[in-house]
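In each ligand, atom 1 is the first atom listed, and ligand 1 is the first ligand listed. For the numbers below, each heavy atom of this structure counts, side chains included, while hydrogens, waters and symmetry mates do not. Being a predicted model, the structure only gives us computed values, none of them experimental.
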Amino acid sequence: MSQSPQTQTPDLFTPLQLGAIQLPNRIIMAPLTRSRAGEGNAPTPLNAEYYAQRASAGLIITEATQVCDTAQGYPNTPGIHTDAQTVGWRAVAEAVHAAGGRIVTQLWHTGRISHPLFQPNGALPMAPSAIAAQGQLYTGQGMEPFPTPRALETAEIPALVRHFADAAKRAVFDAGLDGVEIHGANGYLIDQFLRDGANHRTDQYGGNVENRARFLLEILEATTHAIGADRVGLRLSPTGGFNDMSDSDPLGHFTTIAKTLNSFNLAYLHVIEGLPGNAMAPAPGLPHVAAALRAVYKGAIILNGGYSHATADAALAKGEADAISFGEQFLANPDLPTRFARKAALNEPDRASYYGGGAKGYTDYPALESVAA
Ligand SMILES: Cc1cc2nc3c(=O)[nH]c(=O)nc-3n(C[C@H](O)[C@H](O)[C@H](O)COP(=O)(O)O)c2cc1C
């Protein structure tokens with residue numbers, strides 16, 4: 001199955017080097033929030049079992065993980081800013097490595113997608129500008145409207161940048177994870193800075209795209225300095241509307257950003273642009289930007305959003321991406337690469353058990369061997 005990347009058309013089973021990480025296949029597990037962290041938002045043995053079950057992925061990208069105590073926006077999502085959380089992640093990393101896998105953790109700050117219930121001392125969530133997302137969020141005590149966040153003071157921003165770098169150090173040096181993915185997608189804090197629908201700042205972090213990208217670029221500068229660029233990936237969702245996001249020129253703005261990213265030599269750029277019919281597909285009237293990013297960005301690109309085995313292989317063969325990530329299919333199929341290789345049927349995901357709870361809908365999806373047994 002495996003081929004030499006230089007001479008053969010790549011497919012999902014062609015090995016790939018992403019920065020410092022050597023992948024045996026190009027079937028990436030997309031980050032998936034599951035809201036099953038334990039006491040103090042620390043990963044548990046159940047979380048370790050879940051990730052170890054999925055160790056045959058070319059690379060596991062973990063669920064989004066808080067970089068500091070203001071970064072949370074949902075119940076029971078893990079952090080990586082306390083010692084207990086770091087110990088929990090160490091057990092996750094050990095379990096995945098013992099099962100032969102590779103794992104990076106996705107670092108996030110949810111910004112305005114939060115609620116005083118998740119903030120220290122019940123404070124308002126923070127954001128680039130005091131603009132509420134339209135809609136409601138799940139707090140663990142029912143649905144609540146998104147609150148109007150407070151706009152960050154310019155002087156507060158360096159500490160937030162340091163939180164990302166400190167979390168990256170904890171992830172790699174203390175927990176033994178293989179790297180980090182900076183969550184710049186889906187309407188969370190970094191994306192709130194990037195897109196002009198959420199960023200109305202008048203300081204050096206707002207205005208033109210260069211200014212709106214400054215927060216992201218400072219985070220990349222700090223994290224790559226902390227752990228090495230070859231262990232840092234970045235996720236972007238240029239046209240995503242999730243969390244009430246919008247931008248006046250996604251194609252122009254994100255092409256500019258992608259060109260700037262070239263100087264970082266990141267392990268990879270992970271772009272969400274759903275295929276037609278996928279929840280992450282650009283809304284009608286919005287441009288498709290993935291091909292434009294591919295044209296200007298020199299490093300490895302992972303594409304995501306509604307791919308099947310066949311459409312993923314086609315995208316790799318056409319050179320549209322270097323790897324493809326799978327969300328819901330990996331959630332429901334711990335042995336997704338084996339199932340793809342054997343062209344076996346896939347388990348259907350159970351949406352009712354996506355967020356919160358225990359083993360049900362989490363570690364009890366059968367692998368083929370246990371189906372056969
Ligand atoms: C239950 C669930 C949780 C998710 N959590 C995250 C997350 O923590 N971070 C993130 O960047 N994307 C998250 N996503 C988006 C997925 O990574 C992915 O972009 C999406 O599912 C589309 O890919 P797919 O069609 O292969 O599932 C989540 C999606 C689902 C269904």
(request) For atom 15 (C) of ligand 1, grab the closest protein heavy atom and report residue, atom and distance to one decimal in Å. (result)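 Of every protein heavy atom, M280 CE, 3.6 Å lies nearest to atom 15 (C) of ligand 1.
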(request) Check each atom of ligand 1 against the heavy atoms of N186 and keep those under 4.0 Å away; list them by number with element. (result)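 Here the atoms of ligand 1 in question are 10 (C), 11 (O), 12 (N).
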(message) If we only consider heavy atoms of W108, is any one of them less than 4.0 Å away from an atom in ligand 1?
(response)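 No.
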(request) Anything under 30° is parallel, anything over 60° is perpendicular, the rest tilted; go ahead and classify Y50 against Y362. (result)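 The arrangement is parallel - the two ring planes meet at less than 30°.
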(message) Give the atom numbers and elements of ligand 1 that come within less than 4.0 Å of a heavy atom of Q106.
(response)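 So the answer, numbered in order with elements, is 7 (C), 8 (O), 9 (N), 10 (C), 11 (O).
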(message) For ligand 1 and T33, I'd like to know whether there is a polar contact (N/O to N/O, distance under 3.5 Å).
(response)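 Looking only at distances, the answer is yes, because the N/O contact criterion of under 3.5 Å is met.
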(request) List the steps and the verdict of side-chain contact (heavy atoms from CB on, under 4.5 Å) for S237 and R195. (result) CA-CA 10 Å; S237 56; R195 292 204 260 173; 3.6 Å; yes
(message) Below the 3.5 angstrom mark, is there an N/O of N304, backbone or side chain, next to an N/O of ligand 1?
(response)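 Among all N and O atoms of N304, at least one is under 3.5 Å from an N or O of ligand 1.
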(request) Could you tell me if the ring centre of Y74 sits under 6.0 Å from that of W108? (result)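 Ring centres of W108 and Y74 closer than 6.0 Å.
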(request) Check the pair L23, Q17 against side-chain contact (heavy atoms from CB on, under 4.5 Å), reporting the backbone distance first and the verdict last. (result) CA-CA 6 Å; L23 281 55; Q17 186 82 30; over 6 Å; no
(request) Starting from atom 2 (C) of ligand 1, locate the nearest protein heavy atom and write down its residue, its atom name and how far away it is, to 0.1 Å. (result)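 The answer is Y355 OH, 3.4 Å.
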(request) Using a strict cut-off of less than 4.0 Å between a Lys/Arg side-chain nitrogen and an Asp/Glu carboxylate oxygen, indicate whether R214 and E210 qualify as a salt bridge. (result)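 Here R214 does not pair with E210 in a salt bridge, since their nearest N and O are not under 4.0 Å apart.
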(request) Return the set of residues passing side chain to side chain donor-acceptor pair (under 3.5 Å) with T255 (not counting sequence neighbours), or none when no residue passes. (result)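 Once residues adjacent in sequence are excluded, T255 has no partner under the side chain to side chain donor-acceptor pair (under 3.5 Å) criterion.
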(request) List the closest protein heavy-atom neighbour of atom 29 (C) of ligand 1: residue, atom name, distance to the nearest 0.1 Å. (result)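 Ranked first by proximity to atom 29 (C) of ligand 1 is L32 CD2, 3.7 Å.
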(request) Could you say whether the N/O atoms of E328 and ligand 1 ever approach to under 3.5 Å? (result)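 Yes - when backbone and side-chain N and O of E328 are compared with those of ligand 1, one distance drops under 3.5 Å.
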(message) The criterion is side chain to side chain donor-acceptor pair (under 3.5 Å); which residues satisfy it with R235, sequence neighbours excluded?
(response)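 If we apply the side chain to side chain donor-acceptor pair (under 3.5 Å) test to R235, skipping adjacent residues, the hits are H270, N304.
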(request) May I ask you to decide if G252's main-chain N or O and T256's side chain share a donor-acceptor pair within less than 3.5 Å? (result)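 Here the side-chain-to-backbone pair exists.
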(request) Go through the steps for R294 and D322 under the test salt bridge (Lys or Arg N to Asp or Glu O under 4.0 Å), then give the verdict. (result) CA-CA 10 Å; R294 183 66 161 172; D322 300 286; 2.7 Å; yes
(message) When you compare ligand 1 with F326, is there at least one nitrogen or oxygen pair between them that comes in under 3.5 angstrom?
(response)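 In fact, backbone or side chain, F326 has no N or O that close.
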(message) If I apply the N/O under 3.5 Å rule, does Q329 come out as touching ligand 1?
(response)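 No, no N or O pair falls under 3.5 Å.
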(message) Tell me the contacting part of Y307 for ligand 1: side chain, backbone, both, or neither, using a 4.0 Å heavy-atom threshold, strictly below.
(response)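 The answer is neither.
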(message) Any nitrogen or oxygen of H183 lying under 3.5 Å from a nitrogen or oxygen in ligand 1? Just yes or no.
(response)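 For ligand 1, there is an N or O atom that lies under 3.5 Å from one belonging to H183.
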(request) For side-chain contact (heavy atoms from CB on, under 4.5 Å), just list the numbers for I28 and F326, CA-CA rounded to whole Å, side-chain angles, deciding distance to a tenth of an Å, and then say yes or no. (result) CA-CA 6 Å; I28 314 281; F326 299 87; 5.9 Å; no
(request) Please report which non-hydrogen protein atom sits nearest to atom 26 (O) of ligand 1, along with the residue it belongs to and the distance in Å to one decimal place. (result)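 Scanning the protein heavy atoms, the shortest distance from atom 26 (O) of ligand 1 goes to G327 N, 2.8 Å.
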(message) Tell me the nearest of G306, G240, P31, A30 to atom 14 (N) of ligand 1, using heavy-atom distances.
(response)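 That would be P31.
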(request) Please say whether N278 places an N or O atom under 3.5 Å from an N or O atom belonging to ligand 1. (result)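 The answer is yes, given that N278 and ligand 1 share an N or O pair closer than 3.5 Å.
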(message) Using side-chain contact (heavy atoms from CB on, under 4.5 Å), reason through L316 and L12 one step at a time and then give a plain yes or no.
(response) CA-CA 7 Å; L316 296 184; L12 283 177; 3.8 Å; yes
(request) For atom 10 (C) of ligand 1, find the nearest protein heavy atom and state the residue, atom name and distance (0.1 Å precision). (result)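 Of the protein heavy atoms, R235 NH1, 3.1 Å lies nearest.
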